[in-house]
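One structure is given here, and the rest of the page talks about it.
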Number of protein chains: 2
Amino acid sequence: MARAGLTAERVTVAGADLADEVGLDQVTMSEVARRLGVKDASLYTHVRNVEDLRGRIALLAADEKTVRIAEATAGLAGKDALVAYANAWREFAHEHPGRYMATQVPIRIDPELAAKATGPRRAVELTYSMLRAYGLAEPDLTDAVRVLRSTFHGFVALEAAGGFAHARTPQQTWARTLDALHVLLEHWPEGESV
Amino acid sequence: MARAGLTAERVTVAGADLADEVGLDQVTMSEVARRLGVKDASLYTHVRNVEDLRGRIALLAADEKTVRIAEATAGLAGKDALVAYANAWREFAHEHPGRYMATQVPIRIDPELAAKATGPRRAVELTYSMLRAYGLAEPDLTDAVRVLRSTFHGFVALEAAGGFAHARTPQQTWARTLDALHVLLEHWPEGESV
DNA sequence: GCTCGTTTCCGAGAGGCCCTAGGATATGCC
DNA sequence: GGCATATCCTAGGGCCTCTCGGAAACGAGC
């Protein structure tokens, strides 16, 4: 019998695709093996266990999302960059719900593996450079980065969970949210808070 | 043999407590049964299946969170109400991580059951009434509600996922975030966006 | 207090998923 | 071609989900 030519990479991609189709919690070793035309035991040569697989999917997704945002914001600044950044984030979440969830769910990731991944680190750096045009200094800069990331993530998470009634479309709110965040960054409160 | 006196309610509470202790995805029929001193088969009289149990946990958690916020904001207005609301939200998420996650994870909830639950509906109403002091009119009001809920949820989710490095404590960023949101509500952008 | 219908709980068991151990075979290198 | 290594599979144990049918407790009415 010919070998299937599995690698950790291929197993991870198959798992990520499965997650996008049926949900991250439905990603099982058995199903991934079936999709790859292989017995489940064969996967353990490339991936430690299910937890490890999910961690790899999370790192893969973080990389892909970062690349997507980087491409979208290349050469832009100010509000243009903010809007491009935010839209790329949201579109990634819509197109890859399973991958996206993997980036957010609290997952124990193999530290050795995480050290090699550049996605999460670059993502934060991207946000910093996008904010440069607003002229914020530390520690406000860090806080602003966190507010943006919180709002973007919170929005798509609530959207995915069906948290928005149908009266006003998410798209309308989304556009206004970006306006509001832009205004917020220009009027960032001075001084330390209580 | 005496009966155990199970009800759907008791099973749900046991599941919610378990979720807070070991994580929502570790909530199994077997473990809940063990905690209740009962065989797993006995649970199926009160709960349709695991999915149904998780849905009930979500509704229970939504109710509890709403009550918590309602108590915290009673009699307050303006920024005081905003801060009390936000802190109650975050504290609930910290103290009941499993319950909180149940409210956010996309779960198929039995429509019949959801119709009886008042939590999610009241939660949104609470946010509206808290925003009254800022004098926003529709549709800005709806958008503002969604921005606040997105930011609160996104913040605690990123916090839970370990998304904040150690340089600046989440608490510091949290306080500044509330300042920023307060300023944002007072300078809510006029007119429709592109 | 007895009977009878209803509800609750359990034993047994099928099927699926996770993971390990050890064996068989394909592959790459000499 | 022969050998060392890595890949893949068979077999199997353990835990979880869920169903079915039976037994026992409960409640109502007499």
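Numbered from 1 within each chain, the chains take letters A, B, ... in sequence-line order. Basis for what follows: all heavy atoms, side chains included, without hydrogens, waters or symmetry-related copies. Keep in mind it's a predicted model, so treat the numbers as computed, not measured.
At whole-Å resolution of the value, CG in A:L6 and P in C:dT27 are 13 Å apart.
Near DNA chain C, defined here as any heavy-atom distance below 4.0 Å, the residues from residues 37-54 of chain A are A:D40, A:A41, A:Y44, A:N49, A:V50, listed numerically. Of all the residues in residues 16-31 of chain A, not one reaches under 4.0 Å from DNA chain D with any non-hydrogen atom.
Summary of helix geometry: the two end axes of the helix from C:dG1-D:dC30 to C:dC30-D:dG1, each defined by five base pairs via their C1' atoms, are inclined to each other by 10° (rounded to 10°).
The list of ring-ring contact (aromatic ring centres under 6.0 Å, His included) pairs with a residue in residues 120-146 of chain A, not counting sequence neighbours, reads A:Y134-A:H182. Contacts classified as salt bridge (charged side-chain N to carboxylate O under 4.0 Å, His left out) and involving residues 21-31 of chain B (residues at least two apart or in different chains) are given here: B:E21-B:R35, B:E31-B:R34, B:E31-B:R35. Pairs passing the ring-ring contact (aromatic ring centres under 6.0 Å, His included) check and including a residue from residues 43-78 of chain B, sequence neighbours excluded, do not occur.
Remark: B:R34 is not in phosphate contact with D:dC15, judged by side-chain N or O atoms under 4.0 Å from OP1 or OP2.
With sequence neighbours left out, the salt bridge (charged side-chain N to carboxylate O under 4.0 Å, His left out) criterion links A:D17 to A:R99. Residues passing the salt bridge (charged side-chain N to carboxylate O under 4.0 Å, His left out) test with B:R132: none are found, sequence neighbours excluded. Checked against ring-ring contact (aromatic ring centres under 6.0 Å, His included), A:H187 has the following partners two or more places apart in sequence or in another chain: B:H187. The side-chain contact (heavy atoms from CB on, under 4.5 Å) test applied to A:T45 returns no partner, not counting sequence neighbours. Evaluation of the salt bridge (charged side-chain N to carboxylate O under 4.0 Å, His left out) rule for A:R90 yields A:E159 as partners, not counting sequence neighbours.
A salt bridge links B:R68 to B:E95: one of the charged nitrogens lies within less than 4.0 Å of a carboxylate oxygen.
A:R3 contributes a side-chain N or O that forms a donor-acceptor pair with the base of D:dA6 under 3.5 Å.
In this structure, B:L60 belongs to a hydrophobic cluster whose other members, linked by side-chain heavy atoms under 4.5 Å apart, are B:V13.
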